[in-house]
Every structure is written in structure tokens, then in C-alpha cells.
Protein chains: 2
Amino acid sequence: MANYEQLKLSNQLCFPLYVCAKEVVRLYKPLLDDLDLTYTQYITMMAMWEHQQLTAKELGEILYLDSGTLTPVLKTLEKKGFVERQRSKDDERSLIVTLTDVGQDLQHKAASIPEKMVSCIDMELEDLQTLHRLLHKFMRTSIQ
Amino acid sequence: MANYEQLKLSNQLCFPLYVCAKEVVRLYKPLLDDLDLTYTQYITMMAMWEHQQLTAKELGEILYLDSGTLTPVLKTLEKKGFVERQRSKDDERSLIVTLTDVGQDLQHKAASIPEKMVSCIDMELEDLQTLHRLLHKFMRTSIQ
DNA sequence: TTAAATTAAATTGTGTAAAATTTATTTTCT
DNA sequence: AGAAAATAAATTTTACACAATTTAATTTAA
């Protein structure tokens with residue numbers, strides 16, 4: 001009988017990646033609850049804080065999300081008053097998403113989140129930097 | 001006006017982790033379609049191939065999934081004939097999940113998946129090993 | 001020894017994700 | 001110009017994830 005060593009969970013790269021990603025989102029939850037944001041809404045707001053205005057297509061490219069995910073997220077963020085959605089006059093197919101003043105203010109409340117998160121993770125800075133570098137390398141070589 | 005450098009997506013560790021995890025699941029999809037498995041069903045089957053029989057609780061601990069996720073996954077796997085679900089006679093609260101012969105046979109079809117996945121990822125083995133090691137370290141230090 | 005606490009699954013509700021399809025708009029090509 | 005192709009969102013469908021609650025069974029403790 002074959003051993004199928006390579007089919008064991010402990011030998012997979014995908015599995016700890018999948019578990020860690022979920023865990024990080026779970027660690028964010030109590031911090032994001034204070035801002036009334038989910039994790040997906042948070043990364044969307046990070047993109048908006050950086051750019052003030054983006055089309056839905058651009059947001060999808062930045063966040064690696066398709067319209068099936070992004071459309072309801074943007075409608076929710078609009079309902080909460082953090083962004084506005086309007087069609088482009090140049091091209092009615094495009095949806096322009098604009099950061100509101102309320103959305104901009106939210107950045108102040110979010111300012112402390114990154115350091116709080118780092119303090120949740122008990123790893124040396126060097127390891128975290130290596131992890132960051134390798135994940136970016138993975139994205140460059142495997143995505144698209 | 002503050003710069004909020006630490007709130008930029010490019011400075012987050014969480015974001016590439018989240019993107020890479022989703023991408024890996026997406027890369028698995030065409031391979032898993034041949035087995036009629038989703039990614040969550042696949043990791044569940046990996047645990048079952050390794051242990052033959054587990055309680056739902058044990059599966060949840062191994063896979064870091066709660067009953068809200070696992071209950072429907074196990075019902076689907078039972079419907080496909082890959083596992084059987086029955087209550088423990090010792091403790092009626094426990095659900096015992098058992099690998100069926102059909103489920104066992106599926107391992108042969110899955111045997112080629114790991115190498116196919118590695119060939120999808122254009123990174124040196126050393127980088128992949130480092131990534132694996134750091135993600136496990138992250139799990140040990142941050143989860144629970 | 002039986003009421004209280006704990007435990008294990010299942011259920012419910014909310015929010016993603018992605019594939020596939022649809023709708024509306026714009027661009028390209030003849 | 002007008003048909004065909006391409007593009008951008010939105011919608012639909014399927015399948016997670018997780019928090020919170022519920023149900024049923026078991027254990028603990030007064």
C-alpha cells in the first residue's frame with residue numbers, strides 16, 4: 001500500500017497558508033468591529049484612503065476581487081456612508097467610487113490598528129519581513 | 001495631514017497572505033474538479049486518508065474549522081459516498097466520520113495533485129520551504 | 001441524585017468568493 | 001453607419017467561514 005506522503009496535510013504549503021489567512025482575518029475582527037467594518041470592507045477602505053477615488057474595475061485589480069464580491073461590498077460601504085457610487089459620465093459602464101468625508105474620518109480611527117495587529121503576532125520582525133517578501137514573490141510568480 | 005504609511009495595502013502582511021491563500025485555492029480548482037471536490041472537501045479528505053476515522057470534533061481541530069462549516073461539508077461528502085457519518089455509541093453527542101472504500105479509492109486519483117500544484121508555482125524549492133516554515137511558525141505563535 | 005454546567009453538533013444569519021450569465025455601454029471593423 | 005466584438009457591472013448560483021444560538025447528551029457538583 002502506497003504511503004501518499006505528499007498528500008498529508010503536514011506536507012502541504014496551501015494548508016498553513018489557508019489557515020493563517022483565516023486566522024489573520026479572525027484576529028482583525030475585534031479591532032474592525034469598532035469601525036463597523038469587515039475585513040473585506042477594511043482592505044477596500046485602505047485602497048480608498050490611498051486613492052480617494054477609483055473605479056470598481058481599478059478596485060478589483062488592486063484587491064484581486066471580482067465584481068461578484070465587490071458589488072455588494074461597495075453597496076454596503078455606501079450604505080454606511082463611507083463611499084459614494086456613481087456612474088462615469090465618460091463611460092456609463094464604469095462605476096466611480098469616491099471616498100466621503102465620513103470615510104476619510106474613519107482613517108483616524110483605523111490608525112492604531114496596524115500596530116495592534118503586530119503586537120498580536122509573536123514573531124520576530126525579521127521573520128515577518130521574510131514572510132512578506134516571499135508572499136509578494138509568490139503573488140508575482142503565480143497570479144495571472 | 002498625516003500620511004498613515006502603515007495603513008497602505010503594500011505595507012500589510014495580512015493582504016498578500018489573504019490574496020495568496022485565495023489564489024492557491026483558485027489554482028487547485030481545475031485539478032479538484034476532476035475529483036468532484038472543492039478545496040475544503042479536499043483538505044477534509046486529506047485528513048480522512050491519513051486517519052480513516054475521526055470524530056467531527058477531531059476533524060475541526062485538525063482543519064481549524066468549526067461545526068458551522070464542517071457540518072455541511074461532511075453531509076456533502078457523505079452524499080458523494082466518500083465518507084459515512086454515524087453517532088458514537090459511547091457518546092451520542094459525537095459524530096464519527098469514517099472513510100468509505102470509494103473515498104479511499106479517490107486517493108489514487110488525488111496522488112498526482114501535489115506535484116501538479118508545485119509545477120504551477122514558479123518559485124525555488126528553498127523559498128517554498130522557508131514560506132512553509134514561517135507559516136507554521138505563525139500558526140504556532142498566533143493561533144488559539 | 002438531580003440541578004447546573006459543560007460539551008458536541010446542528011442551525012441560523014451575515015458576509016464573502018468565484019464562476020457563469022446577463023445587461024448595458026462602448027469600441028472596432030467592415 | 002451599423003453589425004459584431006469587447007468591456008464593466010450587476011446578478012445568480014454554489015460553497016464556504018464564522019459568530020451566535022439552539023438542541024441534545026453527558027459530566028460535575030452541591
Side-chain angles (χ1 to χ4, degrees), chain A residues 14-15 18-30 32-33 36-45 54-80 83 85-97 143-144, chain B residues 14-15 18-30 32-33 36-45 54-80 83 85-97 143-144:
Chain A
C14 62
F15 182 62
Y18 159 85
V19 173
C20 289
K22 285 190 306 168
E23 177 60 13
V24 167
V25 171
R26 214 181 60 77
L27 288 174
Y28 269 108
K29 187 165 192 306
L32 294 179
D33 280 349
D36 189 25
L37 291 177
T38 64
Y39 179 74
T40 313
Q41 291 163 14
Y42 176 57
I43 59 172
T44 304
M45 290 306 294
L54 289 167
T55 63
K57 179 180 159 61
E58 289 167 336
L59 262 174
E61 285 165 357
I62 290 171
L63 302 176
Y64 298 86
L65 293 175
D66 77 358
S67 64
T69 305
L70 217 39
T71 296
V73 169
L74 293 175
K75 285 182 177 176
T76 304
L77 288 177
E78 185 180 50
K79 210 171 293 173
K80 292 179 180 178
V83 302
R85 296 159 66 252
Q86 70 219 56
R87 291 285 165 180
S88 166
K89 281 168 188 165
D90 291 350
D91 185 340
E92 289 271 350
R93 293 170 302 181
S94 287
L95 184 78
I96 297 178
V97 184
I143 300 188
Q144 252 59 273
Chain B
C14 64
F15 183 62
Y18 160 86
V19 173
C20 288
K22 285 191 307 170
E23 176 61 12
V24 167
V25 171
R26 214 180 61 78
L27 288 173
Y28 267 109
K29 188 166 190 308
L32 294 180
D33 280 349
D36 189 25
L37 291 178
T38 63
Y39 180 73
T40 312
Q41 291 164 15
Y42 176 58
I43 59 172
T44 304
M45 290 306 294
L54 289 167
T55 63
K57 178 179 159 62
E58 288 167 336
L59 262 173
E61 285 165 357
I62 291 171
L63 302 175
Y64 297 86
L65 293 174
D66 76 358
S67 65
T69 304
L70 217 39
T71 295
V73 168
L74 293 175
K75 284 181 177 174
T76 304
L77 288 176
E78 185 179 50
K79 211 171 291 172
K80 293 180 180 177
V83 302
R85 296 160 65 251
Q86 71 219 53
R87 291 287 164 177
S88 166
K89 282 167 189 167
D90 290 350
D91 186 340
E92 290 271 349
R93 291 171 304 180
S94 287
L95 184 77
I96 297 177
V97 183
I143 300 189
Q144 250 63 268

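Each chain gets a letter, A, B and so on, in the order its sequence line appears, and its residues count up from 1. Remember, predicted model here, so these are calculated numbers, not experimental data.
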**Prompt:** Any salt bridge between B:Glu78 and B:Lys75, counting N to O under 4.0 Å?
**Reply:** no
**Message:** If I take atom CZ in residue A:Arg87 and atom P in nucleotide D:dT7, what distance separates them, rounded to the nearest angstrom?
**Reply:** 17 Å
**Asked** Between atom CG in A:Leu27 and atom P in D:dC18, what is the gap in whole Å?
**Response** 12 Å
**Asked** In whole angstroms, how far is the P atom of D:dA15 from the CG atom of B:Leu77?
**Response** 11 Å
**Request:** Heavy atoms only: give me the nearest B:Leu63-B:Ile43 pair and the separation to one decimal.
**Result:** CD2-O, 3.5 Å
**Message:** Looking only at the side chain of A:Lys57 (C-beta and beyond, no hydrogens), which of the listed nucleotides D:dA10, D:dA8, C:dA9 gets closest?
**Reply:** D:dA8
**Prompt:** Rounding to a whole Å, what distance do you find between A:Lys75:NZ and C:dT14:C1'?
**Reply:** 17 Å
**Message:** Heavy atoms only, 4.0 Å cut-off, all strands: where does A:Asp33 land among base, sugar-phosphate and nothing?
**Reply:** nothing
**d(NZ, A:Lys89; C1', D:dA8) in whole Å** = 19 Å
**Request:** Check the distance between D:dA8's P and A:Asp90's CG and give it to me in whole angstrom.
**Result:** 14 Å
**Request:** Specify the separation, in whole Å, of atom CG of A:Leu74 and atom P of D:dT11.
**Result:** 12 Å
**Message:** In terms of relative ring orientation, are B:Tyr18 and A:Tyr39 parallel, tilted or perpendicular, with 30° and 60° separating the classes?
**Reply:** perpendicular
**Request:** List the atom of B:Gly60, the atom of B:Leu70, and the distance in Å for their closest heavy-atom pair.
**Result:** N-CD2, 3.4 Å
**Prompt:** What is the pairing partner of C:dG13, taking Watson-Crick or G-U wobble pairs with both distances under 3.5 Å in any strand?
**Reply:** D:dC18
**Message:** Evaluate B:Thr40 against B:Leu65 for side chain to side chain contact (heavy atoms under 4.5 Å, CB included), listing each step before the verdict.
**Reply:** CA-CA 10 Å; B:Thr40 312; B:Leu65 293 174; 3.9 Å; yes
**Message:** Run A:Arg85 and A:Leu77 through side chain to side chain contact (heavy atoms under 4.5 Å, CB included) and show every step you take.
**Reply:** CA-CA 10 Å; A:Arg85 296 159 66 252; A:Leu77 288 177; over 6 Å; no
**Asked** Going 5' to 3' along nucleotides 15-25 of chain C, which nucleotides have protein heavy atoms under 4.0 Å from the base (write B), which only from the sugar-phosphate (write S), and which from neither (write -)?
**Response** SSBBB-----B
**Request:** Quick one: list whatever passes salt bridge (charged side-chain N to carboxylate O under 4.0 Å, His left out) with A:Asp33, sequence neighbours left out.
**Result:** A:Lys29
**Prompt:** Given atom CD of B:Glu61 and atom P of C:dT7, what is their separation to the nearest angstrom?
**Reply:** 12 Å
